[in-house]
Each structure stands twice: as structure tokens, then as C-alpha cells.
Amino acid sequence: MPHTTQLYQHVPETRWPIVYSPRYNITFMGLEKLHPFDAGKWGKVISFLKEAIRRKVELEWGTEDDEYLDKVERNLQKALQEHLPDVVVYNAGTDILEGDRLGGLSISPQGVVKRDELVFRVVRGRRVPILMVTSGGYQKRTARIIADSILNLYSLGLIGSESPRAWAQNSDTPLLPPEVP
């Protein structure tokens with residue numbers, strides 16, 4: 001039976017957020033899909049995430065490349081030592097870029113490219129499949145930086161089905177073994 005949302009059960013349809021539709025019926029980690037105009041839910045989400053996060057890494061406003069990349073590498077290595085996942089979903093946000101007023105960090109475009117390379121090298125070194133999603137980044141140059149990063153990963157053989165160094169399965173191969181439901 002499909003999930004039926006309870007998010008707006010006491011709210012008249014005329015007051016639903018403009019992007020809401022009861023057809024969404026999405027649940028992720030026990031939380032119903034959040035909508036951009038649904039700010040009242042963020043308190044619950046933040047509370048849930050604080051409990052779910054096992055490795056908290058704090059960065060000061062204006063953190064630059066060297067410190068950032070060092071913390072990413074150290075904490076990624078430690079996290080993978082503590083628990084080796086079946087797959088890594090990597091949120092490669094670009095709101096860390098210098099000049100992004102929402103991100104508050106000062107990472108250069110080269111730092112973003114290096115970060116993505118570092119994450120792929122570490123995760124691939126453990127022979128774990130990785131799915132990279134892009135997010136954040138509110139500057140016009142973000143698309144070019146993401147493209148540069150993907151081209152870098154490809155040129156290094158860290159992505160691409162034709163590369164002998166790329167361990168990831170191609171899109172026709174299931175990520176999970178057949179016995180997993």
C-alpha cells in the first residue's frame with residue numbers, strides 16, 4: 001500500500017504550499033518529503049539529523065582549502081574505518097565556494113575539484129560504489145566548476161565505464177546483490 005502523507009492533514013487545501021501535491025507520497029528515513037515552503041518541519045528534521053550524524057565536523061566561517069581538505073580526508077578515512085557501507089551517496093555541494101554568502105566558507109574552485117577527487121579516491125580505494133549528487137552553490141560559476149570536477153574525475157579514471165581503474169558498476173548492473181530485497 002502506498003504511503004499517504006500526514007503532513008497537511010489539518011491544513012485546508014487552499015493553504016497548502018504551492019509545490020505540494022498529495023501524489024508525492026515520499027518518505028525518506030522515516031521522514032515525509034519536505035517542501036520548500038514547509039519551514040515548520042525543519043525543527044523536526046534538524047533534531048533527527050543531529051541524532052543520525054555520528055561524525056560531526058565543524059568549520060569556521062571563511063575556512064580555506066588546506067584546512068577544509070585536511071578535515072574532509074581525515075574524517076572520511078575515519079568514518080570508513082568505523083563502518084564500511086555498501087554504497088556511498090556523496091552530496092558534492094558547491095555552497096562551500098568562496099563568495100557564497102550562504103555557505104560561509106572560502107574554498108576555491110580548485111579546492112572543490114580536489115575535494116571531489118579526494119572523496120572518489122578514498123571511497124574507490126575501499127572498493128565501495130559511489131553515487132555523486134550535486135547541490136548547493138548559488139553562483140553563476142558553479143556549473144563550470146562542477147563540469148571541471150567531473151572531467152577531472154573522468155580523466156583520472158575514477159568515473160566512466162570504459163576506464164580500467166574505475167571500479168563502479170555500470171548503470172545496467174544492480175548495486176545490490178540479488179539476495180537483498
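Computed over heavy atoms, backbone and side chain alike; hydrogens, waters and symmetry mates excluded.
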Margin query: Nearest 0.5 Å, please: how far is CD1 in Ile145 from OG1 in Thr134?
Written below: 12.5 Å
Next item on the list: Tell me, please, which residues at least two apart from Gln110 pass side chain to side chain donor-acceptor pair (under 3.5 Å).
Entry: Ser108
Next item on the list: Taking side chain to side chain donor-acceptor pair (under 3.5 Å) as the test, write out the residues that go with Gln81, two or more places apart.
Entry: none
Next item on the list: Please name all residues satisfying side chain to side chain donor-acceptor pair (under 3.5 Å) with Ser149, sequence neighbours left out, ordered by chain then number.
Entry: Asp116
Next item on the list: Name all residues meeting the side-chain contact (heavy atoms from CB on, under 4.5 Å) criterion together with Glu67; count only those two or more places apart in sequence or in a different chain, and write none if there are none.
Entry: Thr63, Lys71
Next item on the list: First locate atom CG of Leu69, then atom CG of Leu76, and finally report the distance between them rounded to the nearest 0.5 Å.
Entry: 12.0 Å
Check: Can you list the other members of the hydrophobic cluster that holds Val113, where links are side-chain heavy atoms under 4.5 angstrom apart?
Finding: none
Next item on the list: Indicate yes or no: at least one non-hydrogen side-chain atom of Val128 is less than 4.5 angstrom from one of Pro85.
Entry: yes
Item checked: Those residues that, when tested against Asp100, pass side-chain contact (heavy atoms from CB on, under 4.5 Å) (two or more places apart) -> Asp95, Leu102, Tyr138, Gln139
Note to self: Working note: Lys114 + Asp65, criterion side chain to side chain contact (heavy atoms under 4.5 Å, CB included); need CA distance, chi angles, decisive distance, verdict.
What the structure shows: CA-CA 9 Å; Lys114 288 179 184 175; Asp65 291 10; 5.8 Å; no
Margin query: Once rounded to the nearest 0.5 Å, what's the spacing between atom OH of Tyr68 and atom CG of Leu105?
Written below: 7.0 Å
Next item on the list: Would you please name every residue forming a salt bridge (Lys or Arg N to Asp or Glu O under 4.0 Å) with Glu58, sequence neighbours left out?
Entry: Lys56
Margin query: My understanding is that only residues two or more places apart in sequence, or in another chain, count here; which of them pass salt bridge (Lys or Arg N to Asp or Glu O under 4.0 Å) with Glu73?
Written below: none
Next item on the list: Could you tell me which residues satisfy side-chain contact (heavy atoms from CB on, under 4.5 Å) with Ile150, sequence neighbours excluded, listed by chain and number?
Entry: Met132, Ile146, Ile159
Item checked: Cluster companions of Trp61 among Ile, Leu, Val, Met, Phe, Trp, Tyr (side-chain spacing under 4.5 Å) -> none
Check: So, for Ser106 and Gly62, which heavy atoms are closest and what is the spacing to 0.1 Å?
Finding: CB-O, 3.5 Å
Next item on the list: With salt bridge (Lys or Arg N to Asp or Glu O under 4.0 Å) as the test, would you mind laying out the steps for Lys78 and Glu82 before giving the verdict?
Entry: CA-CA 6 Å; Lys78 288 179 183 177; Glu82 293 167 6; over 6 Å; no
Check: With a cutoff of under 4.5 Å between side-chain heavy atoms, which Ile, Leu, Val, Met, Phe, Trp and Tyr residues group with Leu131?
Finding: Val89, Val133
Note to self: Tell me which one of Val88, Leu156, Leu153, Asn152 satisfies side chain to side chain contact (heavy atoms under 4.5 Å, CB included) with Phe120.
What the structure shows: Leu153
Checklist line | side chain to side chain donor-acceptor pair (under 3.5 Å) partners for Asn91, two or more places apart | finding: Ser135
Item checked: Considering all heavy atoms, the nearest Arg115-Ile96 contact -> NH1-CD1, 3.3 Å
Note to self: Is any side-chain heavy atom of Tyr90 closer than 4.5 Å to one of Val123?
What the structure shows: no
Next item on the list: Identify whether Tyr154 and Val122 are in the same connected component of the hydrophobic contact network (ILVMFWY, side-chain heavy atoms under 4.5 Å).
Entry: yes
